[in-house]
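Hydrogens, waters and symmetry mates play no part in the numbers below; they use all other heavy atoms, side chains included. When a ligand or atom number is given, it counts from 1 through the structure's own listing order. Numbering starts at 1 and runs along the sequence shown.
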Amino acid sequence: MLQGKSIVLGVSGGIAVYKAVELLRLLTKAGADVHVIMTKNACEFVAPLTFQTLSGHPVHTDLFSLSQEQEIDHISLADRADLFILAPATANLVGKISQGLADDLLTTSVMATKAPVLVAPAMNSNMYENPIYQRNQKTLVEFGYHVFEPVSGSLACGWEGLGKLPDPKDIFAAAEAVLTPKDLSGCHILVTAGPTREEIDPVRYISNYSSGKMGFAVAAAAQQRGAQVTLIAGPTNLTVPFGVHSVPVVSAEEMRSAVFDHLSDSDVVIKSAAVADYRPVDRSAQKMKKSATELTLNLEKNPDILAELGQQKEGRILIGFAAETERLLVHAAEKLQKKNLDLIVANDITREGAGFDVDTNIVKFLHADGRVEELELLSKSQVAQQLLARVGVLWKANSLSDDQ
Ligand code: CTP
């Protein structure tokens, strides 16, 4: 989403400046071209050289620096930006922008840009709650600025409360969201992710290698495109994406109940979970002790949640996943047809960069009308964006046919 985008990162002075360094790293890693503007006070907290090294561009600090103006003047910087991010934004910066003041390079550039502006304020909690500050922030929102609210926690001034700059990963996701088309606004999407665990006894279970990364990326992308997202996830180590409602589950049966509990509101179901196909017939209440040299576990079949959804589709869009080790297209096409899906995402997990615990994937989209799209090696979040773009088209077509 941010690949090749031109971003201006405006940094104003506060202890949270160090987090802007991490944000810059995430932005450049995603392929964005980032130019940093620092206020004088920001330079007191972290040296511009840090931002210069990580962005690969000189840092802009002084409105009247002739050498900087020769390289790239602040108006063209503002003009060619796809996005401005102000992080951390002090009460002073928000106050100045909301009043239309432009007395340094950062405020001048913000005033000169037509790009969307994402503001991430950070300050002492009393300052944040001050009605004058709140009025200024509201003014920004009314003028279409995107304000990413601070979070609660212990603040550098020793206070506890609202005013902390959010995690750079969340600001990064908010930046992606600002630039993402909102083609799924009004759409309710149910996503399942991760593995399920089928308990044998209180200390053992059957499961699989699914990390949940693909499903969590799908949930994040759907949220960024404006959908209301419920994420039903088996056990993973991942953080629930910002703005996503999460329902944690453990076993396939729990996942099935959660899916059917949330089904009535859903326009789209995306089943990226790796559901265990079998579970032990009996779960031992106590830890099983070893005795014989061999142990036979009796397993019974779990419900096939997606197949059940396919039998009672009721106009919903159904998306499945097929992770295969051989005959990818044949197996995926069979599942698409048997489970009555609109689209299936197929990947060969034996290919490098397409396995369970990596951040990339190589997938094919098989459509119900027989079309097959082959995607190159992409990050899981890029795959998710590509998938959600297809979901947007399917959902629009569905809504149109409902209207007729
Ligand atoms: N699925 C499901 N419930 C199950 C098994 C699978 O909802 N009990 C869903 C998965 O979430 C995925 C799709 O069905 O979207 C295909 O899952 P997969 O495990 O690849 O296929 P299976 O139908 O289980 O077939 P097999 O294990 O024989 O490959």
- Task: Can you figure out which of K339, K271, R279 has its heavy atom closest to atom 6 (C) of ligand 1?
- Result: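 Among K339, K271, R279, the closest heavy atom to atom 6 (C) of ligand 1 belongs to K339.
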If the threshold is 4.0 Å, N to carboxylate O, is there a salt bridge linking [X] and [Y]?
X	Y	answer
D201	R283	no
D348	R351	no
D304	K339	yes

Within-cut-off N or O pair, [X] and ligand 1, under 3.5 Å:
X	result
L306	yes
N302	no
I305	yes
S272	no
A273	yes
D277	yes
F321	yes

- For atom 29 (O) of ligand 1, state whether the nearest protein heavy atom is under 4.0 Å away.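 Neighbour list for atom 29 (O) of ligand 1 includes protein heavy atoms (cut-off 4.0 Å).
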- Item | Those atoms of ligand 1 less than 4.0 Å from some heavy atom in G320 | 15 (O)
- Task: Show which atoms of ligand 1 fall inside a sub-4.0 Å distance from at least one heavy-atom site of P303.
- Result: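 Numbered from 1, ligand 1 contributes 3 (N), 4 (C), 8 (N).
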- Query: Are F45 and Y18 an aromatic pair by the rule of ring centers under 6.0 Å?
  - Reply: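 Centroid distance F45-Y18: not below 6.0 Å, so no.
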- Item | Test of ring centre spacing under 6.0 Å for F242 and F172 | no
- Query: Counting heavy atoms only, which part of D304 comes closer than 4.0 Å to ligand 1: side chain, backbone, both or neither?
  - Reply: both
- Task: Between H331 and ligand 1, find which residue part has any heavy-atom pair under 4.0 Å and reply side chain, backbone, both or neither.
- Result: neither
Side-chain donor/acceptor of [X] to backbone N/O of [Y], under 3.5 Å:
X	Y	answer
K396	D183	yes
N398	G315	yes
K313	N340	yes

- Do the side-chain N and O atoms of H367 and E373 include a donor-acceptor pair separated by under 3.5 angstrom? yes
- Message: How far is atom 4 (C) of ligand 1 from the closest protein heavy atom, and which atom is that?
- Response: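 Checking every protein heavy atom, the shortest distance to atom 4 (C) of ligand 1 gives V275 CB, 3.5 Å.
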- Message: Quick test: of every protein heavy atom, which one is nearest to atom 18 (P) of ligand 1, and how far off is it to 0.1 Å?
- Response: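 Of every protein heavy atom, K335 NZ, 3.5 Å lies nearest to atom 18 (P) of ligand 1.
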- Kindly indicate whether a cation-pi arrangement holds for R256 with F260, taking the cut-offs as under 6.0 Å to the six-membered ring centre and within 45° of the axis. yes
